[in-house]
Q: 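Take this structure, written in structure tokens, and hold onto it; I'll ask about it next.
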Amino acid sequence: AAGMFLRLLSDVRWRAANPKWRRMTCCWRSASSTAEPHPVSLPAQAQVVICGGGIMGTSVAYHLSKMGWKDIVLLEQGRLAAGTTRFCAGIVSTARQVSIELKMADYSNKLYQQLEQETGVNTGYVKTGSISLAQTQDRLISLKRIASSLNVMGIPCEIITPKQVAQLHPLINIHDLVGAMYVPEDALVSSANVSLALATAASRNGVQIHERTSVSHVSVQKGRVAAVETDRGEIKCQYFVNCAGQWAYELGHSGEEPVNIPLHACEHFYLLTHPLKEPLASNLPTIVDPDGRIYIRNWQGGILSGGFEKNPKPLFTEGRNQLEIHNLQEDWDHFEPLLSALLRRMPDLEALQIMQLVNCPESFTPDMRCIMGESPTVRGYFVLAGMNSAGISYGGGAGKYLAEWMVNGYPSENVWPLDLKRFGTLQSSRTFLRHRVMEVMPLICDLKVPRWDFQTGRQLRTSPLYDRLDAQGARWMEKHGFERVKYFVPPGKDLLDLGQSKTFYKPDWFDIVGSEVKCCKEAVCVIDMSSFTKFEISSTGDQALESLQYLFSNDLDVPVGHVVHTGMLNENGGYENDCSIARLSKRSFFMISPTDQQVHCWAWLKNRLPDDSNLTMEDVTWKYTALNLIGPRAVDVLSELSYAPVTPEHFPSLFCKEMSVGYANGIRVMSITHTGEPGFMLYIPIEYALHVYNEVMNMGQKYGIRNAGYYALRSLRIEKFFAFWGQDLDAFTTPMECGREFQVKLEKGMQFVGQEALLEQKQNGVYKRFTMFILEDHDTDMDLWPWWGEPIFRNGRYVGKTTSSAYSYTLERHVCLGFVQHFDEKTGEELVVTTDFINQGEYEIDIAGQRFQAKAKLYPFSSLFAQRRRKDEVELSGYQRE
Amino acid sequence: FYLTPPQVNSILKANEYSFKVPEFDGKNVSSVLGFDSNQLPANAPIEDRRSAATCLQTRGMLLGVFDGHAGCACAQAVSERLFYYIAVSLLPHETLLEIENAVESGRALLPILQWHKHPNDYFSKEASKLYFNSLRTYWQELIDLNSGETTDVKEALINAFKRLDNDISLEAQVGDPNSFLNYLVLRVAFSGATACVAHVDGVDLHIANTGDSRAMLGVQEEDGSWSAVTLSYDHNAQNKHEVERVKTEHPKSEEKNLVKQDRLLGLLMPFRAFGDVKFKWSIELQKRVIESGPDQLNDNEYTKFIPPNYHTPPYLTAEPEVIHHKLRPQDKFLVLATDGLWETMHRQDVARIVGEYLTGVHHQQPIAVGGYKVTLGQMHGLLAERRARISSVFEDQNAATHLIRHAVGNNEFGTVDHERLSKMLSLPEELARMYRDDITIIVVQFNSHVIGACQNEE
């Protein structure tokens, strides 16, 4: 049956129609004929070897060759476009939640549209448009949010009524709909042929394509890719690209130096039918019914319909031979809920005859975002895989970004949300992946409300205080495998069943977090922040200081005991990391970074620190429990526990002291809280954690101490205008653009990474500016809450997007943080953003299509917050993750 | 008066219990995958009992159902004690010595059994000391005997049954200074219980049966259908051999009075049982014990009543018949059940219902469209029907519960009729016993992989 389908879906005639092609790609052509399997031998070496001839591999080859890299070999273990690419439904949809994914899909659409003209290969591209249906009001809100971001990207898109849906599609039952989103430029393609077209173009540009060649492993020398071993011999190379789709995990683990690519396959089913009596028009819009968990497209006069069921079937957990992909069984009983949803949506299809139920495995990742980038452990080893069922939509854009990454050192957009380095070895357990993807696949259709958390694969990394906090009502979220407290439910107030906090409006924890914030402001709170990434860097001589001075923008040659907030910048001055560094002694430094920096920051420093055995870097994350003591009474608690003077006179802001707390000695106490509130961070060797926590809570009782969570912390830091890395800051944001010039020492007497770019910005000005917005006419109880990614309008014109938001319990208003750009009204060209430009505008924030007036500010409300500061150096950091 | 489906379910599930043999390193090396058990009372309180335990000092697992009559005291005592007697009978000499030494010197005792109990399956705290002393006397005798031979399971089972019945009888004759205990041991001895016990060790399955409960093996034929193999003989009037046996054990003159109205001496349905000293002791002994016993016993007409034509006791024995069966890969499960089940259901139906339940959906042939012309609507209807069928199976998470549902609720077409089920379950206490008996069921599921592997080794 699969064979029949292959013939149906792919148009094999294109090769005959293009005689020129035959001569040019002899190796490919002969490999395709059955008589002589491998007439052309593999080259002994190449610059790049790509493994995988699906949409990803061919797209990377296409873009690399376009950018001028010619010495490329693409290896495919079976036939080109014969894996998931062959079977996928071929829907190009730009309706994406994450902005980088949206950009990739938009680029893909534009690329595919002109691909036939460029290559002569029939790609089956038809612009049909797509309609996403909403059966509930919440779903409609979610669609409106997407529509807002599509519109500001210049992608046509509108919210339409059920009646309009009926006009666009003749078969749809609209009785249970409340609305829909129409994206007229979405398209359909034959995915296999898109892949073949990309291969054709790449081949013309000199890329060598070898089918029926499987990669056994990648050889590594001195931490770099050296060669690729195949069943037909070795190819020496500088770069390897793993585009092996659902086999990427196994391939990554096949070598001596494992590269962890966390993805896992699930079975995916779709239905093909014979044509209708009156065959469906080929330009009929594709229907996506997320509440019914299905999609429906026209296919050869009939329909193709599949979906994402609630109970997915993961497979290949133990790793399998790829041949089995063709032997997967149809499972009608499993498909029944989706078939019911289909017939409910289009009742007239009852009489339509079934052609086939296709079982096509897809790969899914732990966070529903694809995986791209360079391995943190093996240089030159790139990955592009784990498309979560959107391979065709992302294929073009993802290939482009990866090619840019390889050629230029970094893509032209911030791809951190997709970066392989957001994962570490902790996500490589097969059991974890199996469990997590069973949650991820249904999530593709689930409603995504603000602050949802994964339920599977939890409680992997925990603080030693986990049980204590849990017993006190902690509610948890997870970051990089680490359990962190959101807030504490007071005893006797167990209101929070999951369903209720799933809302786009005011959530049920509002008052709980409010009281935690109040306690931080008026008394003292303790927050367990042990998940922070912690490195120690030390040397025998001055190597540590010299290296760090070069790699960090602030001046680290400070007296021992000082804490410095500094960015770790790239050549363009953008933030690779944002951290606090304490100088422990003349020759050793203690570095605190965001939780999810553990892999990225380590790789970044490892690759740049001199290879010197006298200079050591150690990841001590697991060695310390971090307690954040926030509030005006923190000083009292700490002084009573340490019998040491810790008032601002003796222990000013931004200092680090090793002291005893209770019976425990050797606690690293820093006078920072990452919120702008007074207080201390306590870095406690883990065996003392429980003791210190108990002492703090006992002693704190008379000062009204209580536990607090990250939601309170977030509210505090956002109302203080603290940006944090990964949410507000990224590799394309410089300190100049977010008002952090004071954290850069341009004249520190030596060069540092990013210095030139910053100097230039200082002279010429910046093109975007981090700005704080206070929502004016927003009713906290009644209106939709902002989240992040909301468009910002200045005098009615789009100027940028928000990056984070929170309710400020002090201001009693919502605060959004975001970047403002200045586009020329006529040309759209980006202009310098000045302080005046920011200050002289009327602003509005668009939440799901509804605009709210906002007041823009470039500096925090210092007057609102009574602060005791010795120096005017304010603590402006905050890299707490949401 | 009508019970809703959830109410019916809560009644049916009140006593259900499941045990899965724990896996070691991802593998279950036992020939038993686990068991489901359940009981549905008709008497108030229920007179059936069940037990399940894993032998810790020898290999193997013990499972049993016990059907009490004239009260539940005897069934309760047997359900608590019998497995200890069996386990001790199976123990090698050294282990017995070790245990005795531990008791002697007050050290911690090696655990002998790991029980798998439903919270309602209670043990009598008051009698534990008494029971323990009797058991200790038994193993001390075994130590003194020291046959030196390896223990034969069949023999061990027979010895354990006989010994326990003997102890029950002795305890009642001796009495106890504690008046509560004294009354208890008398109630145990004057009431009765049948027992059907399985011992599973690898491919060796032994069934020891006393009375009219029954063990049945579910066998899956090559074509996937289910058949039943009975692994016990009912000891009642329907069993010709049993009637013969009773007759040969007594003088010819009594022959016509031995079995009347299908009952032993016209009174007792099972022909073998624990307790029931009224059918075992001499008339003098019965009178002496009753007279010296507590008032409650004296006031009880039943205990004072001497069966008619009672000349050459004992008429009743607790000695079991033991059947040995070598498990084969096609032997998928074993059903142990009291007569309450077998009165209402044919063994062939039991085999089919449990078999189909255990294999569940996996057994349902997957649908393939192939070259047929099927429309979406037809397929939808077909799938909905299949799902309905599956969901009725999956209402129960326990094979024994599923069987009870059928036993009580089956209509003439062999499918569960909710209305009938509701009626049967809402009968008032005094009427329930007229329509149905206590039902107790244990369904043991076998591990075909392990059994297949064992077979190959042999």
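Within every chain, numbering begins at 1; the chains are lettered A, B, ... in the order of the sequence lines, protein sequences first and strands thereafter. Quick note: numbers below take in every heavy atom, side chains included, and nothing from hydrogens, waters or symmetry partners.
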Q: How close do Asp333(A) and Leu383(B) get, counting heavy atoms only, and between which atoms?
A: OD1-CD2, 3.6 Å

Q: In this structure, are over 12 heavy atoms from other groups packed under 6.0 Å from Glu419(B) atom CD?
A: no

Q: So which heavy atom on His380(B) is nearest to which on Ser340(A), and how close?
A: NE2-OG, 2.8 Å

Q: How far does OG1 of Thr375(B) sit from CG of Leu352(A), to the nearest 0.5 angstrom?
A: 8.5 Å

Q: Working to the nearest 0.5 angstrom, can you tell me the gap between Leu339(A) CG and Met379(B) CE?
A: 8.0 Å

Q: Can you confirm whether Glu278(A) is buried at CD, in the sense that more than 12 heavy atoms of other residues, nucleotides or ligands lie under 6.0 Å from that atom?
A: no

Q: In terms of heavy-atom proximity below 4.5 Å to chain B, should Leu349(A) be classed as side chain, backbone, both, or neither?
A: both

Q: Other residues, nucleotides and ligands only: do more than 12 of their heavy atoms fall within 6.0 Å of CZ on Arg59(B)?
A: no

Q: Of the backbone (N, CA, C, O) and the side chain (C-beta and beyond), which part of Leu357(A) lies under 4.5 Å from a heavy atom of chain B, both, or neither?
A: neither

